[in-house]
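Side chains included, hydrogens not; waters and symmetry mates left out as well; all remaining heavy atoms used. Quick caveat: nothing in here was measured; it's all calculated off a predicted structure. Counting starts at 1 for both ligands and their atoms, following the listed order.
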Amino acid sequence: MPPPAAALTWFSIATIAVAAAAVASSTVEGIGVNWGTQMSHPMLPTTVVRMLKANGISQVKLFDADAWTVGALAGTGIEVMLAIPNDQLARMSSSYDNAKKWVKENVTRYDHDGGVNIKYVAVGNEPFLKSYNGSFLNTTFPALKNVQKALDEAGVGNRIKTTVPLNADVYSSPDNDPVPSAGNFRSDIRELMVQIVRFLHDHNAPFVVNIYPFLSLYQNRGFPVDFAFFDGGGPTIDDKEAHYTNVFDANYDTLAWSLKKAGVPNMPIIVGEVGWPTDGDKNANVIYAKRFYDGFFRKMAKKEGTPLRPGKIDVYLFGLIDEDMKSVLPGDFERHWGLFTYDGKPKFPMDLSGQGHDKYLVGATGVEYLPAQWCVFNRDAKDLSSLDGDMEFACSSGDCTALVPGSSCNGLDKSGKISYAFNMYFQMQDQDVRACDFGGLAKITTKNASQNGCLFPVQILSAGVKTSAAGAAAAAAAIGMTLLLLL
Ligand SMILES: *[C@@H]1O[C@H](CO)[C@@H](O)[C@H](O)[C@H]1NC(C)=O
Ligand SMILES: *[C@@H]1O[C@H](CO)[C@@H](O)[C@H](O)[C@H]1NC(C)=O
Ligand SMILES: *[C@@H]1O[C@H](CO)[C@@H](O)[C@H](O)[C@H]1NC(C)=O
Ligand SMILES: *[C@@H]1O[C@H](CO)[C@@H](O)[C@H](O)[C@H]1NC(C)=O
C-alpha cells in the first residue's frame with residue numbers, strides 16, 4: 001500500500017508535515033531507532049534528523065561514529081548510542097592509546113553545550129554471533145575495558161556508558177527443557193559472558209540484546225506463527241508461575257534468568273534491536289509487520305513488561321530506513337527492515353504511542369529524486385543469448401531481493417523480472433546511460449515501469465553524490481583559481 005503522501009501535491013505534503021510535526025513534538029518515551037547507513041543512496045543526515053524530530057523520536061542507535069551523521073545530531077538533544085564496529089575491536093583491545101584516541105575524536109569532541117547528547121558507546125555489534133566462529137572472542141572484553149577506562153579518564157564515564165549489543169544467540173534454554181527459567185548463557189562463552197556482565201554491572205552499564213521474533217519464525221519453519229506476535233491465540237508456555245503468550249517475552253526472560261544465574265539479577269536490559277521486515281520472504285510483508293508493531297506498541301504503552309521483569313522496557317526499533325547495501329547472507333529480507341522506505345516514506349500506519357491511531361509516521365521532506373525514468377527490457381531485442389548472465393550481473397550490484405519467492409515483485413513474468421533487475425542496476429548507477437544497455441537488451445523509458453503492486457523505484461539524489469559533486473565543484477573552482485594565479 002503506498003503511503004497517502006504519494007497522491008498529494010507538494011504543497012499539501014508540506015502542510016501536513018508541518019501540522020504533524022506540531023502534534024508529534026511530544027516525544028515517545030523509551031522508543032528509539034537504529035539508524036543504519038548501508039545504502040547506496042543515503043538521504044542527507046539533516047533530512048533524517050528532521051524526520052526523527054517530527055516523529056518525536058528522541059533516542060537513536062548508530063553503527064559507527066561517522067562525523068557527518070553524528071554532527072547532524074548536534075544541538076537536537078536526541079540521545080545517541082555510538083558504536084565501534086567489530087573490525088575495530090582488535091585495534092581497541094591491543095592498545096589503550098587507540099581507545100583513548102577514539103574517545104577523544106568521537107566522544108569528548110561533541111561533549112559540550114550545543115553538542116551531541118551521547119549516552120552509550122557500543123563496543124562491537126553482536127560480536128559473539130555463532131556465525132562469526134569466535135573471531136571476536138579474544139578482543140571484545142579487552143576493548144570494552146579500554147574504552148570504558150578512556151571514558152572514565154576523560155571525565156565522562158559517569159554519564160556515558162559502554163556496552164556490547166549482543167544477539168539473543170548468546171543464551172538459550174536446553175532443548176529438553178525449553179522454558180525461560182532453564183535459560184543460561186551459551187556454554188562455549190559462559191565464563192566470558194559472566195565476566196562481561198559483572199564488568200557492566202560494576203559500571204552501571206546496561207545489557208543490550210537484539211531480539212527478533214521474525215527470525216524465530218524464519219529459522220524454524222515449524223514455529224507457531226501466532227507466538228511471534230502479541231495478540232495471543234497461539235500456544236503458550238507455562239514456566240513456574242509465569243505464563244508466556246509470545247516469543248518476545250519468553251526470549252527476554254530467558255536473558256533475565258541468565259543474568260540472575262550470572263549473579264546480576266537486577267541488571268538493566270535494553271532491547272538494542274527489534275522489528276519486522278516488509279519484503280524478501282513470505283513472512284516479511286506489510287501485513288505481518290503492522291501486526292507485530294501494533295501489538296508491540298500497545299504492550300509498550302501499557303508498560304506491562306515481561307512476567308519476570310514487569311514495567312517499562314527500553315527499545316531501539318530496527319530499523320529506521322531500508323538499506324539496499326546490507327549483506328543478504330542472513331536472508332533477502334535484510335534490506336527491508338526500515339520503518340521508512342529508501343526515500344523516507346512511511347510504509348504503513350504506525351502509532352509509536354501505542355494508542356492504536358491509524359496514522360502514518362511523518363515522512364522525510366525535501367528529498368530530491370533523479371529524473372522520472374526507468375531502464376526496462378527491450379522487447380525488440382533479437383539476440384537473447386546473454387540475458388541470464390546480464391540479469392545475474394544486474395542483480396549482483398543492484399538489489400533484486402524483491403524478486404525472490406514470497407516477495408513483492410515475485411509475481412512478475414519473465415520479462416517483467418528482467419526489467420526489474422535492469423532498472424535496479426540503472427538506478428544504483430545513478431541512471432548512467434551506460435548502465436542501461438546490456439548489449440541492446442535494455443532501453444530507457446519515461447513511462448512508469450511499476451506494475452502489479454511491484455514498485456520500480458526511481459533513486460534519490462544521493463547525499464554522498466551531492467557532496468562529491470559539491471567537492472568536485474570546489475575542486476574545479478580551486479583549479480580555476482590556480483590557473484588565474486598562474487596567468
Ligand atoms: C572515530 O570514528 C570514526 C567513524 O566510525 C572512525 O573512522 C575513526 O577511526 C574514529 N577515530 C579514531 C581516532 O579511532
Ligand atoms: C565460519 O565457518 C564456516 C564453516 O566453516 C564458514 O563457512 C564461514 O565462512 C566462517 N565465517 C567466518 C566469519 O569466519
Ligand atoms: C584467541 O585466543 C586463544 C588462546 O590464546 C587462541 O587459541 C585463539 O586462536 C584466539 N582466537 C582468535 C580468533 O584469535
Ligand atoms: C510509479 O508508479 C507507482 C505505482 O503506481 C507509484 O507508487 C510511484 O510513485 C510512481 N513513480 C513515479 C516516479 O511517478
Side-chain angles (χ1 to χ4, degrees), residues 34-39 42 44-45 48-49 60-74 78 80-112 115-154 156-157 160-167 169-170 186-196 210 219 272 319-320 323 325-331 334 463-464 467:
N34 281 275
W35 178 2
T37 53
Q38 294 183 56
M39 55 269 283
L44 279 169
V48 177
V49 169
V60 56
K61 178 167 167 282
L62 306 176
F63 291 92
D64 54 27
D66 176 67
W68 202 23
T69 309
V70 179
L73 290 158
I78 293 174
V80 182
M81 185 185 299
L82 300 175
I84 297 174
N86 290 341
D87 64 6
Q88 296 299 310
L89 292 176
R91 225 163 58 80
M92 296 299 147
S93 76
S94 64
S95 131
Y96 173 58
D97 201 45
N98 287 340
K100 222 162 82 176
K101 285 185 182 140
W102 192 94
V103 165
K104 183 157 187 272
E105 184 171 308
N106 291 316
V107 176
T108 36
R109 159 186 176 198
Y110 300 110
D111 193 51
H112 56 80
V116 183
N117 183 12
I118 300 168
K119 185 102 189 273
Y120 302 107
V121 173
V123 179
N125 185 41
E126 303 187 335
F128 304 152
L129 208 60
K130 275 186 211 153
S131 55
Y132 292 155
N133 302 340
S135 307
F136 307 111
L137 280 184
N138 294 348
T139 48
T140 303
F141 190 31
L144 176 71
K145 287 192 277 196
N146 278 342
V147 176
Q148 183 65 55
K149 184 173 159 203
L151 291 170
D152 290 342
E153 262 188 21
V156 297
I160 304 176
K161 304 295 181 184
T162 51
T163 185
V164 182
L166 290 159
N167 188 276
D169 79 346
V170 298
R186 223 165 69 205
S187 56
D188 62 312
I189 55 170
R190 189 170 301 157
E191 217 175 299
L192 176 60
M193 284 305 305
V194 169
Q195 288 176 12
I196 289 178
N210 302 339
Q219 286 161 356
L320 186 57
E323 297 173 75
M325 305 274 282
K326 277 203 91 180
S327 160
V328 293
L329 229 50
E334 270 298 290
T467 43

Testing the basics here: between [X] and [Y], what is the closest heavy-atom pair and its distance to 0.1 Å?
{"X": "Asp64", "Y": "Pro85", "value": "CB-CG, 4.3 Å"}
{"X": "Glu323", "Y": "Gly36", "value": "OE1-C, 3.2 Å"}
{"X": "Ala143", "Y": "Met92", "value": "CB-CB, 3.7 Å"}

(message) Side chain or backbone, does Ala83 bring an N or O within less than 3.5 Å of an N or O on ligand 1?
(response)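 The answer is no, given that Ala83 and ligand 1 share no N or O pair closer than 3.5 Å.
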(request) Give yes if a backbone or side-chain nitrogen or oxygen of Asn98 is under 3.5 Å from a nitrogen or oxygen of ligand 1, and no if not. (result)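 Among all N and O atoms of Asn98, none is under 3.5 Å from an N or O of ligand 1.
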(request) Output the distance between atom CZ (Phe63) and atom CG (Asn34), rounded to the nearest 0.5 Å. (result)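 One gets 4.0 Å once the value is rounded to the nearest 0.5 Å.
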(request) To the nearest 0.5 Å, tell me how far Gln38 CD sits from Glu334 CD. (result)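 Spacing of CD (Gln38) from CD (Glu334) equals 9.0 Å.
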(request) Classify the contact between Ile84 and ligand 1 as side chain, backbone, both or neither, using a heavy-atom distance cut-off of under 4.0 Å. (result)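 For Ile84, there is no contact with ligand 1 at all, from either part.
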(request) Using distance alone, decide if ligand 3 has a nitrogen or oxygen within less than 3.5 Å of any nitrogen or oxygen in Ser135. (result)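 Such a contact does not occur with ligand 3.
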(message) Show the atoms of ligand 1 that are less than 4.0 angstrom away from any heavy atom in Asp64.
(response)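 Once the distances to Asp64 are compared, the set is 5 (O).
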(request) Give the atoms of ligand 1, by number and element, whose distance to some non-hydrogen atom of Arg91 is under 4.0 Å. (result)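 Listed by number with element, the hits are 14 (O).
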(request) Could you tell me whether the side chains of Tyr96 and Glu153 share a donor-acceptor contact shorter than 3.5 Å? (result)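 A donor-acceptor contact under 3.5 Å links the two side chains.
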(message) Starting from atom 1 (C) of ligand 1, what is the nearest protein heavy atom, named by residue and atom, and what distance separates them?
(response)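 In this structure, atom 1 (C) of ligand 1 has Asn106 ND2, 1.6 Å as its nearest protein heavy atom.
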(request) Enumerate the atoms of ligand 2 whose separation from the nearest heavy atom of Asn133 is less than 4.0 angstrom. (result)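 Under 4.0 Å from Asn133, ligand 2 has these atoms: 1 (C), 2 (O), 3 (C), 8 (C), 10 (C), 11 (N), 12 (C), 14 (O).
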Protein heavy atoms near [atom], is at least one of them under 4.0 angstrom away?
{"atom": "atom 14 (O) of ligand 3", "value": "yes"}
{"atom": "atom 9 (O) of ligand 3", "value": "no"}
{"atom": "atom 4 (C) of ligand 2", "value": "no"}

(message) Donor-acceptor pair, distance only, cut-off 3.5 Å: does the side chain of Gln148 make one with the backbone of Thr162?
(response)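 Present.
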(request) Examine distances only and state if a side-chain atom of Thr108 and a backbone atom of Asp111 form a donor-acceptor pair shorter than 3.5 Å. (result)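 Answer holds: no.
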(message) Out of all atoms in ligand 3, which are within 4.0 Å of some heavy atom of Asn138? Include the element for each.
(response)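 Counting from 1, the qualifying ligand atoms are 1 (C), 2 (O), 3 (C), 8 (C), 10 (C), 11 (N), 12 (C), 14 (O).
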